[in-house]
Amino acid sequence: MAKSSFTSKAIASAFMILTGSVIAGIVTMVILYNTQISSMNPTPRPTFSTTTTGPPPVMRLPKNLIPETYTVFLKPHFYTRIIEEVNVTSPNQTMLFTGNSTVNFHCAQTTRTIYLNSKDLAVSKPKVIDTENNNNIEVSAMKHHEDESDFLEIQLKEALEAGGNYSLSLDFKGEISENLDALFVSTYQEGEPEFEGDTNTERFLVATNMEPTDARRVFPCFDEPEMKAVFYVTIIHRRFTKALGNEQQSASNIIDEDWQYTSFHPTPKMSTYLVAFTVSEFKPTPSTHERIQHEFHVIVFGMVLTLDQIALPDLSPAAMENWGLITYQEGGLLYEEGVSSLLHKEVIATLISHELAHQWFGNLVTMKWWNEVWLNEGFASYMSYFAVDHIDPSFKRDTFVMRDLHTAFEEDSLASSHPLSPPQEDVQETYQIIEMFDAITYSKVEILVMNTHYYANTDQNDLWDYIQMAVDEDSGHTKVALIMKPWTTQIGYPVITINTTDGGIYQKHFLFNDSSESKYVLWWHVPITAMSDTSGLFSFTLEDKPGNRIYSTDGEWILANVNCTGYYRVNYNPENWERLLTQLEKDPHRIPLMNRGQLIDDAFNLARAKLVDVSLALNSTRFLHNETAYIPWESAVRNLEYIVLMFDRSEVYGPMQAYLQEQVKGLYSFFRNYTYYSKVPEDHSLQRSQLLAIHVACSNGLPECIEMASKMFANWMNSNTTNGIHPNLRSVIYCQAVAAGGGKEWEFAWNKFQSSSDTSEKEQLRKALSCTKKIWLLNRYLEYTLDPEKIRLMDVASTINYIAKNVAGQALAWNFVRAHWDYVRQGAGAMLIEGVTSRFSTQFELKELEHFATDYELDSANRAVYQAIEQTKVNIEWVGEHKDVILEWFEGQTAL
């Protein structure tokens with residue numbers, strides 16, 4: 001087992017300041033909404049006819065019973081430590097948990113059957129009480145549905161009457177999961193083992209991760225987000241351990257010499273997926289212990305939330321916004337000055353902001369069903385940028401926005417994409433719900449202003465109604481719902497084509513595979529912003545009828561989507577493209593920074609869709625030899641990566657590397673005095689540019705870069721303990737040195753990975769180990785992912801993807817994934833498929849992928865596999881049509 005992080009007082013102090021600042025940012029943003037929603041009333045209970053219903057919908061619970069409160073007693077039987085002593089029999093670890101629950105509910109419609117959700121639980125002793133007269137209602141039968149519904153059906157001998165109030169009590173038991181879901185076990189080391197095989201330093205904890213549908217695996221419940229209730233939770237746990245829950249402790253007492261209980265104050269009304277607790281030996285001290293928890297009082301719309309944040313050794317998502325108890329992967333919460341990268345501080349700040357924003361939208365206000373989970377995640381992403389920008393503008397919000405924009409663009413350019421709000425009937429089974437947690441959901445939504453429904457559930461229509469109220473109060477004429485409906489209910493996004501010669505402006509659905517277009521007749525209301533080299537900014541909305549026109553009257557260039565405020569791509573007539581690219585080479589600063597990056601991104605993606613010549617896209621990178629800003633360089637490197645993936649196994653790669661060597665020399669030289677003395681600039685954007693310069697220079701074979709990275713790494717190896725490499729530079733230096741080295745460098749990095757106690761350092765080493773070009777080392781590293789004592793389950797998918805990104809490891813990773821699919825998919829199957837298939841561009845690879853789709857159980861990776869098939873077909877066609885042109889272009893540039 002890899003050792004856990006041990007955190008100093010300095011880390012705790014840094015963390016407290018950072019989190020406190022983020023909270024201040026969140027509070028500043030959300031308090032603005034208070035007056036607008038102060039008069040709002042919760043959604044009333046649904047009304048129903050009094051007739052008896054038949055069986056429930058295929059996958060959804062009927063709405064005839066409305067849960068109001070749960071009282072849950074739960075006892076995890078595990079040991080947090082098992083100490084082996086001479087002549088003493090050590091207890092065996094147990095993964096059993098037991099409990100009982102009582103749910104009080106209101107009956108809205110007469111029925112003789114109770115449906116709720118339960119999975120992987122042995123449920124017994126059902127008892128139904130009419131709480132108004134305390135009469136017992138006899139249960140005639142109880143059965144589990146053996147399908148994806150996870151229904152627990154309880155049949156009664158007499159009917160529950162509409163308008164009545166009842167309770168259902170159940171006993172249950174289950175197994176603590178070892179797969180990072182539901183109630184799961186995690187392990188870590190406390191101190192150093194005294195000898196090889198010493199297990200006395202091993203510690204265990206349990207934690208929960210319920211989202212989206214795993215509360216039913218911990219206790220029987222109405223496990224749908226709309227069925228909110230108040231939770232009274234008591235955890236029975238072993239003495240000398242600490243239990244945390246959604247609310248603060250209300251009581252704690254010793255039961256006997258082995259057990260104690262901890263009860264928590266009732267929660268606010270919330271969804272089942274937000275129920276959370278942990279049992280561990282962690283101490284809730286402010287700053288001096290290895291594991292850190294802090295209580296923060298967050299003012300949200302006049303409410304004070306007491307909030308615990310806890311860093312766990314294992315967690316499947318980066319973090320989870322459970323009400324009052326936010327859980328994080330260690331690397332997502334812990335920061336140590338002088339060890340952690342300065343850029344990693346941005347990641348931590350953004351993640352904390354995202355989870356704190358969820359305390360309002362997602363927790364207080366929740367989508368009605370998972371088909372609109374973007375209402376949760378989109379708002380949290382949007383809000384996190386403002387909070388981080390508020391606490392430290394040097395973090396450059398534009399960088400985050402551009403990253404998310406391009407991430408969404410990439411996935412939304414496939415016919416197998418999905419709308420932000422697909423029909424509810426398309427999102428029923430658990431795997432379909434999990435598929436909704438993708439780049440479309442997180443990154444497509446850029447601007448949402450959400451002012452609705454305390455303790456209630458919402459859908460997009462509620463959102464548009466409240467935004468419309470604000471528009472009307474401002475004497476505006478925009479019909480918000482009309483404009484927004486196409487953006488949320490249709491897949492994809494438009495490409496706007498502007499012909500500056502005849503003034504024509506057109507839109508159509510943008511797809512990489514244009515042959516798919518016939519399936520869709522789509523139209524969007526598109527807000528257009530534009531400028532020219534002779535005029536200022538002007539704007540209009542592109543409607544479904546011809547109207548506005550844009551001319552280039554005197555040969556000036558026209559630029560649309562200024563500062564990338566719209567979710568669309570822009571294509572131009574060849575003459576305007578030529579003028580824009582000439583401007584970039586003559587004086588790039590006449591073009592706004594974000595558009596310098598977006599012009600490259602649009603050009604390359606339009607070329608992938610065969611809407612412009614690929615030579616035009618490649619020409620858009622020529623100005624970079626004089627560019628030092630991060631956004632244009634990042635856009636170029638990311639888009640050229642597609643060409644690298646398509647051709648790094650062919651004769652195109654040599655001339656391409658030669659071209660990139662020449663282009664990056666200026667950027668690399670710009671940072672030389674920083675890099676060679678292991679220093680970094682103060683500006684965060686320049687810090688990113690420095691890392692990118694080293695990456696591009698070394699990976700494309702610039703001799704002085706490879707020599708620099710190898711020398712820095714060798715100095716560390718020779719000193720063994722003193723690492724003189726700046727924390728910001730370690731990720732790229734480690735990778736390039738391991739790539740240029742052999743077995744000695746890899747073994748050194750592996751030993752440091754195993755012995756390091758810092759999560760940030762371990763992450764950088766884990767990635768660097770995948771950079772070696774030695775096949776035997778990559779095979780060995782893949783085998784290590786099957787051993788959770790070497791690579792934690794939560795890191796398996798990303799480790800395999802790191803290896804697959806390496807041209808020497810791609811085929812190895814694909815074969816490995818197929819051989820061990822049942823294990824490796826537990827972490828993040830969809831992400832894994834996307835990574836290991838990213839180079840696929842041959843008919844042989846397509847056939848293998850199609851066989852995989854039919855021969856393996858895909859579950860939540862289903863959509864990812866079919867998107868990979870679609871993308872592979874696009875790649876095959878694109879490579880066949882463009883290989884010769886691209887080779888000729890790169891050869892022509894290197895001959896100049």
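On a predicted model such as this, the values are computed, not experimentally measured, just so you know. Position 1 is the first residue of the sequence, and the numbers go up from there.
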Do Q189 and T201 pass the side-chain hydrogen bond (donor to acceptor under 3.5 Å, both in side chains) test, and can you show the C-alpha distance, the side-chain angles, and the key distance before you say yes or no?
CA-CA 5 Å; Q189 298 293 127; T201 59; 2.5 Å; yes
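- Environment of CD in E377: crowded, with over 12 heavy atoms of neighbouring residues, nucleotides or ligands closer than 6.0 Å.
- Checking side-chain atoms of N728 against main-chain N and O of V680 turns up no donor-acceptor pair under 3.5 Å.
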Run the side-chain contact (heavy atoms from CB on, under 4.5 Å) check on S635 and Q598 step by step: do they pass?
CA-CA 7 Å; S635 183; Q598 193 57 40; over 6 Å; no
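- Using a 4.0 Å cut-off between charged side-chain N and carboxylate O, E747 and K744 make no salt bridge.
- A donor-acceptor contact shorter than 3.5 Å is absent between the side chain of R730 and the backbone of Q764.
- Of the candidates K790, R766, K762, R766 is the only one forming a salt bridge (Lys or Arg N to Asp or Glu O under 4.0 Å) with D795.
- A side chain to side chain contact (heavy atoms under 4.5 Å, CB included) with L769 is found for one member of Y781, Y802, Y784 and no other, namely Y781.
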Could you go through the side-chain hydrogen bond (donor to acceptor under 3.5 Å, both in side chains) check for T675 and Q690 one step at a time?
CA-CA 8 Å; T675 305; Q690 181 186 23; 3.1 Å; yes
Does the pair N700 and Q661 meet the rule for a side-chain hydrogen bond (donor to acceptor under 3.5 Å, both in side chains), with working shown?
CA-CA 6 Å; N700 286 288; Q661 268 195 46; over 6 Å; no
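- The backbone N or O of R203 sits nowhere less than 3.5 Å from a side-chain atom of T187 that would complete a donor-acceptor pair.
- Side chains of H684 and E346: a donor-acceptor N/O pair is present below 3.5 angstrom, by distance only.
- Ring centers of F748 and W716: under 6.0 Å apart, within the cut-off.
- Proximity of the aromatic rings of Y188 and F282 is defined here by a centroid distance below 6.0 angstrom, and this criterion is met.
- A cation-pi contact, defined as under 6.0 Å to the ring centre and within 45° of the axis, is absent between K679 and Y674.
- Checked for salt-bridge contact, R780 and E783 miss the test: no charged N lies under 4.0 Å from a carboxylate O.
- Under the 3.5 Å distance criterion, the side-chain polar atoms of T441 are left unmatched by any main-chain donor or acceptor of F437.
- The distance from atom OH of Y734 to atom NZ of K767, rounded to the nearest 0.5 Å, is 14.0 Å.
- One finds the CG atom of L692 at 11.0 Å from the CZ atom of R638 (value rounded to the nearest 0.5 Å).
- Counting only heavy atoms from C-beta outward, the side chains of D601 and F409 approach each other to under 4.5 Å.
- Rounded to the nearest 0.5 angstrom, I348 CD1 and S341 OG are separated by 9.5 Å.
- Taking a cutoff of 4.0 Å between a charged side-chain nitrogen and a carboxylate oxygen, E704 and R672 qualify as a salt bridge.
- Other residues, nucleotides and ligands contribute at most 12 non-hydrogen atoms within 6.0 Å of the NZ atom of K774.
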Start with the C-alpha gap between T621 and Y659, add the side-chain angles, then the distance that decides, and say whether side-chain hydrogen bond (donor to acceptor under 3.5 Å, both in side chains) holds.
CA-CA 10 Å; T621 68; Y659 171 73; 2.8 Å; yes
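- Here the CD atom belonging to E634 is positioned 8.5 Å from the CG atom belonging to N639, to the nearest 0.5 angstrom.
- The backbone N or O of E321 sits less than 3.5 Å from a side-chain atom of E355, completing a donor-acceptor pair.
- Looking at E761 and K752, no side-chain N of the basic residue comes within less than 4.0 Å of a carboxylate O on the acidic one, giving no salt bridge.
- Counting only distance, with no hydrogens or angles, the side chain of Q736 and the backbone of C705 share no donor-acceptor pair below 3.5 Å.
- A donor-acceptor pair is defined here as one N or O able to donate and one able to accept, closer than 3.5 Å; such a pair exists between the side chain of S384 and the backbone of S381.
- Residue Q309 holds its CD atom at 12.0 Å from CG of L244, rounded to the nearest 0.5 Å.
- To the nearest 0.5 Å, the span separating CG on L343 from OG on S685 amounts to 10.0 Å.
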Which is it for Y668 and M708 under the side-chain contact (heavy atoms from CB on, under 4.5 Å) test, yes or no, and what are the steps along the way?
CA-CA 12 Å; Y668 185 80; M708 175 274 300; 3.6 Å; yes
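- Under the 3.5 Å distance criterion, the side-chain polar atoms of S678 are matched with a main-chain donor or acceptor of G724.
- N563 places no side-chain N or O within 3.5 Å of a backbone atom of T565 that could act as its donor or acceptor partner.
- Salt bridge present: K805 and E641 bring a charged side-chain N and a carboxylate O closer than 4.0 Å.
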